[in-house]
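By convention in this document, chain letters (A, B, ...) are assigned in the order of the sequence lines, proteins followed by strands, and residues within each chain are numbered from 1. What's counted below: heavy atoms across the whole structure, side chains too, no hydrogens, waters or symmetry copies.
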Protein chains: 2
Amino acid sequence: MSVTSTQDGLKFSEITRTAAQTRVLDAALKLISEHGVSGTSLQMIADEMGVTKAAVYRQFKTKDEIVIAITEREMSKLEDVLEAAEAEGHPLRARAVLLDRMVEQAVNRRDAFRVPMFDPVIIRLQAEYEPFQRFIERLYAALLGTEAGVEARLHAAMLSSAISVAVMHPLLADVDGETLRAQLKQMTSRMLGIPE
Amino acid sequence: MSVTSTQDGLKFSEITRTAAQTRVLDAALKLISEHGVSGTSLQMIADEMGVTKAAVYRQFKTKDEIVIAITEREMSKLEDVLEAAEAEGHPLRARAVLLDRMVEQAVNRRDAFRVPMFDPVIIRLQAEYEPFQRFIERLYAALLGTEAGVEARLHAAMLSSAISVAVMHPLLADVDGETLRAQLKQMTSRMLGIPE
DNA sequence: GTCTATAAGATGATAGAC
DNA sequence: GTCTATCATCTTATAGAC
């Protein structure tokens, strides 16, 4: 996995994509959320778009670039959420806002939200690619609130993952978004001992 | 993914494997936990074992059979846990025991435990292959306790996934097993309102 | 149980025409 | 921006010798 970017130093939300590139990313994300990165070939992406592989390679030089671009786009959405939270000033308020908005994101984008969290290829990428590392550290910091011990880290780990997974869980497949949103917010608050 | 088994009607724990087959499954599970099913080739498995691909194909006719066998073996370990829980008789006691033992399993096998839960290939397999379907339904039933509403299902979904993910979470990478075990048990109890 | 050798197809990626 | 055609390499899988 080659790890270079042409857009270093930018906020993820400042990265611009052409309409053609966006179409590639949409098709790729859909397939990757179903089959994972390794289980998704360029042929599959091209077929999903109704074009040939060569047309896809016009927009992105390598498969890696597509995976990086998808991760950037997903993180960009979380970046907005994170900045809204950090703007709260007080760490505990910030954490509450962050969790609240993460629930919104997860429920609104049930299929795609968990992709960057659980795919082994993207996990590797996040560990190797500096901008992703920096972003995740920021996210963890906000998720930890004011605490620092093992318990706080367990809370943060369980919450961030439970939200991502719950929205896709077979047991909850038939639950509508509104109900899921309300229940998830209640549970996250309860886990942290925040009054409901 | 062809979905046939030669060992139908057996409990997972009654399936027997030769020593050579076990070596294949060990190598495959290790690689799959790092790279996912699609990201793991038979060449990688053979290299990990220090033999050639042909030697691997002696033990299992297809890659699918290896993936099925790994899933059977993982479920077999959860099956023991599930049976211990079901033997409790009272559904609420059963759920408490199940969660307790799931935490044990997850902590003892931090790398492998989440494999069957999150790999897209295995998720598909579980939906298509009847013995897996039946087992998962049994597991969910025990996880739900006596309740039936959305809230109970959210609890079950969040708990089962949060346990699996937490043990592998980067925020908890440096936490030792003993501490992790204690913290996880406390959290699962708290989420369900079980007195600690 | 292991090997070498090989087949048939898929994969990521490129060249060059329209 | 799309296509056809091509490439080297990797993939799953098999045949047959030791």
key: B:Met117: hydrophobic cluster co-members (side-chain, 4.5 Å)   = A:Met117, A:Phe118, A:Val165, B:Phe118, B:Val165
task = Please state whether the base of D:dT11 and the side chain of B:Lys63 form at least one donor-acceptor pair under 3.5 Å?
result = no
query = Should the heavy atoms of other residues, nucleotides or ligands under 6.0 Å from CZ of B:Arg138 be counted, would the total exceed 12?
reply = yes
Qualifying salt bridge (charged side-chain N to carboxylate O under 4.0 Å, His left out) pairs with a residue from residues 149-159 of chain B, counting only residues at least two apart or across chains = A:Asp174-B:Arg153, A:Arg190-B:Glu151
remark   = In whole angstroms, the gap separating P of D:dT12 from CZ of B:Phe60 amounts to 15 Å
message = Looking at A:Arg181, I want to see if its CZ is surrounded by more than 12 non-hydrogen atoms of other residues, nucleotides or ligands under 6.0 Å.
response = yes
ask   = B:Thr52 side chain N/O closer than 4.0 Å to the phosphate oxygens (OP1, OP2) of C:dT2?
value = no
message = Without decimals, in angstroms, what is the distance between A:Lys61 NZ and D:dG1 P?
response = 15 Å
List, with names and distances, any nitrogen or oxygen atoms from the protein found under 3.5 Å away from nitrogen or oxygen atoms belonging to nucleotides 16-18 of chain D.
none

inquiry  = Measuring from the side chain of A:Val51 (C-beta onward, heavy atoms only), which nucleotide among D:dG1, D:dC3, C:dG1 has the closest atom?
reply    = D:dC3
query = Roughly, in whole Å, what's the span from CD in B:Glu65 to C1' in D:dA13?
reply = 12 Å
key: Sequence neighbours excluded - salt bridge (charged side-chain N to carboxylate O under 4.0 Å, His left out) pairs with any residue from residues 109-123 of chain B   = B:Glu74-B:Arg109
request  = Pick base, sugar-phosphate or nothing for A:Lys53, based on heavy-atom distances below 4.0 Å to the nucleic acid.
outcome  = base
query = In chain order, what residues pass the side-chain hydrogen bond (donor to acceptor under 3.5 Å, both in side chains) check against B:Glu88, with sequence neighbours excluded?
reply = B:Arg93
remark   = Rounded to whole Å, the CD-C1' distance (B:Gln43 to C:dC3) equals 13 Å
note = Rounded to whole Å, OH of B:Tyr57 lies from C1' of D:dT11 at a distance of 8 Å
task = Could you state the atom-to-atom distance from CD1 of A:Ile45 to P of C:dA13 in whole Å?
result = 11 Å
ask   = Tell me: CG of A:Leu42 to C1' of C:dG9, nearest whole Å?
value = 17 Å
Proximity to the side chain of B:Ala55 - top-ranked nucleotide from C:dT11, C:dG1, C:dC3 = C:dC3
query = Listed by chain and number, what are the side-chain contact (heavy atoms from CB on, under 4.5 Å) partners of B:Glu48, not counting sequence neighbours?
reply = B:Ala27, B:Lys30, B:Leu31
remark   = Here the distance between atom P of C:dC3 and atom CD of B:Gln59, to the nearest Å, is 12 Å
